[in-house]
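Written out below as structure tokens is the structure these notes cover.
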Amino acid sequence: MGARSTTAEVLRGIDLTGKLAIVTGGYSGIGLETTRALAGAHVVVPARRRAVAQEAVAGIHGVEVDELDLSDLESVRGFAERFIASGRSIDLLINNAGIMASPETRVGPGWEAQFATNHLGHYALVNRLWPVIAQGGARVVTVSSNGHQFSGIHWGDVQFEHGYDKWQAYGQAKTANALFAVQLDVLGRDAGVRAFSVHPGAIATQLGRHVSREEMLAAGWIDEDGNPANAGFKTPAQGAATQVWAATSPQLAGMGGVYCEDCDIAEPAGDGELTGGVRTYATDPGQAARLWRLSAELTGVDAFAATV
């Protein structure tokens, strides 16, 4: 397996019959590819735009859509309560939904939207669903990005109240995704739950809707005519492969808390912006535990309060 592997290739020989998977944002971009790939299981797609999601997944066998807005903790609570009430357990949970490089936006009690949506919403979701995650001994995969290399956690100003930079905020949120997986794996492994974070690669999807044409040109993503210009970009099926691999591969049995890319465990990152690999601050156990405490304080949710 490698950078050009597809979801079909990583699932070859793996039987998902009888499994239940939840894929946040599983109705667009690599999330939709993930839903298609996991259709041998029963897939639940929680979606902020429920009608759009239902249309997108129509015709994919074994998929149900429910409502979830990750930027709204009451919506997270509602989804979790409905799911738990259904009496089912979870085998695979892929925290795929997210936003990137958005204009300064405040949600909830004034939280910065990228940190709130990409990290705090998923943090609250996993903690609310913990009884049925533990019951299934699930794998939990959280989609990070090599964009984590833009920034570690801004411990002195997590909500960017003293000057907003959309790429620094995105970098912080993606670092938070990686650190979340580190600490969840520590807390969950005794229940048979293992956690991973992944960099899916560069893929042309609607995730980049807040990136201007000028920024895309400067980054070499597109040419003057608006056509893709970076040969390193993956197809959606290739981009979804690493999260599907992390969720299902027997190669990862007995492992967890690692950052993956190109259907493998990533090496430490080299110098420079957006190199391959993972920065040490994104897998640091001390920072992971600190972020968990902060997230619990902000959301008021912690399924491991006694353990912590």
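Basis for what follows: all heavy atoms, side chains included, without hydrogens, waters or symmetry-related copies.
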Show me the donor-acceptor pairs, under 3.5 Å and distance only, between side chains in residues 11-22 and residues at least two apart or in other chains.
from : atom 1 : to  : atom 2 : distance (Å)
D15  : OD1    : T17 : N      : 3.0
D15  : OD1    : T17 : OG1    : 2.6

Considering all heavy atoms, the nearest [X]-[Y] contact:
X: V65; Y: A47; answer: CG1-CB, 4.4 Å
X: E261; Y: G277; answer: OE2-N, 2.8 Å
X: S89; Y: F83; answer: O-CZ, 4.2 Å
X: T24; Y: A97; answer: OG1-N, 3.0 Å
X: A246; Y: V198; answer: CB-CG1, 3.9 Å
X: A37; Y: T7; answer: CB-CB, 3.6 Å

A side-chain contact here means heavy atoms from C-beta on lying under 4.5 Å apart; do [X] and [Y] qualify?
X: L70; Y: N95; answer: no
X: K174; Y: H119; answer: no
X: T142; Y: F196; answer: no
X: V141; Y: L92; answer: no
X: W111; Y: T117; answer: no

Mind checking whether [X] and [Y] sit in one hydrophobic cluster, side chains of I, L, V, M, F, W, Y counted as touching below 4.5 Å?
X: V244; Y: V63; answer: yes
X: L93; Y: L184; answer: yes
X: Y281; Y: V278; answer: no
X: V23; Y: L32; answer: yes
X: V182; Y: I133; answer: no

Quiz question: by atom type and distance under 3.5 Å, do the side chains of [X] and [Y] form a donor-acceptor pair?
X: T242; Y: H199; answer: no
X: Q149; Y: T275; answer: yes
X: N96; Y: Q243; answer: yes

Can you tell me how far [atom2] of [Y] sits from [atom1] of [X], rounded to the nearest 0.5 angstrom?
X: D284; Y: L291; atom1: CG; atom2: CG; result: 11.5 Å
X: R77; Y: R82; atom1: CZ; atom2: CZ; result: 12.5 Å
X: R279; Y: Y259; atom1: CZ; atom2: OH; result: 10.0 Å
X: L125; Y: W130; atom1: CG; atom2: CH2; result: 13.0 Å
X: I99; Y: S71; atom1: CD1; atom2: OG; result: 8.0 Å
X: S295; Y: E297; atom1: OG; atom2: CD; result: 9.5 Å

Checking the side chain of [X] only, and the main-chain atoms of [Y] only, is there a donor and an acceptor separated by less than 3.5 Å?
X: Q287; Y: L179; answer: no
X: R139; Y: S249; answer: yes
X: R128; Y: L73; answer: no
X: E112; Y: Q114; answer: yes
X: R194; Y: G137; answer: no
X: Q172; Y: H154; answer: yes

### Query
Looking at V107, L120, T175, which one forms a side chain to side chain contact (heavy atoms under 4.5 Å, CB included) with F115?
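The single option meeting the side chain to side chain contact (heavy atoms under 4.5 Å, CB included) with F115 is L120.
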
### Message
On the six-membered ring of W155, is R290 placed so that its NZ or CZ lies under 6.0 angstrom from the centre and within 45° of the ring axis?
### Response
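Positive - R290 is close enough to the ring of W155 and near enough to its axis.
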
### Task
Tell me, with the steps shown, if K234 and D262 meet salt bridge (Lys or Arg N to Asp or Glu O under 4.0 Å).
CA-CA 10 Å; K234 297 182 179 184; D262 296 338; 2.8 Å; yes

### Task
Test side chain to side chain contact (heavy atoms under 4.5 Å, CB included) on L294 and L298 and set out the steps.
CA-CA 6 Å; L294 174 64; L298 291 171; 3.9 Å; yes

### Message
Between H148 and Y170 (judged by ring centroids, cut-off 6.0 Å), do the two rings come close enough to count as a pair?
### Response
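Ring centres of Y170 and H148 not closer than 6.0 Å.
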
### Message
Checking I94 against L38 for the side chain to side chain contact (heavy atoms under 4.5 Å, CB included) test, could you report, in this order, the C-alpha distance in whole Å, the side-chain angles of both residues, the deciding distance, and whether it holds?
### Response
CA-CA 11 Å; I94 301 182; L38 297 177; 3.9 Å; yes

### Task
Answer yes or no: is there an ion pair linking D69 with R48, defined by an N-O contact shorter than 4.0 Å?
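Looking at D69 and R48, the cut-off is not met.
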
### Query
Going by the angle between their ring planes, with limits at 30° and 60°, are W292 and Y123 parallel, tilted or perpendicular?
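Perpendicular.
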
### Message
Determine whether N177 and V143 satisfy the following criterion, side chain to side chain contact (heavy atoms under 4.5 Å, CB included), listing intermediate values before the conclusion.
### Response
CA-CA 7 Å; N177 289 148; V143 178; over 6 Å; no

#### Entry: Audit row: Y27, R49, side chain to side chain contact (heavy atoms under 4.5 Å, CB included) steps and yes/no
CA-CA 9 Å; Y27 61 101; R49 299 174 295 165; 3.5 Å; yes

### Query
Among pairs that include at least one residue of residues 50-65, which meet side chain to side chain donor-acceptor pair (under 3.5 Å), considering only residues two or more places apart or in two chains?
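Found H42-E64, E64-R88.
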
### Query
If you link I, L, V, M, F, W and Y whenever their side-chain heavy atoms are under 4.5 Å apart, who else ends up in the same group as Y164?
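So far as hydrophobic clustering goes, Y164 is joined with F160.
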
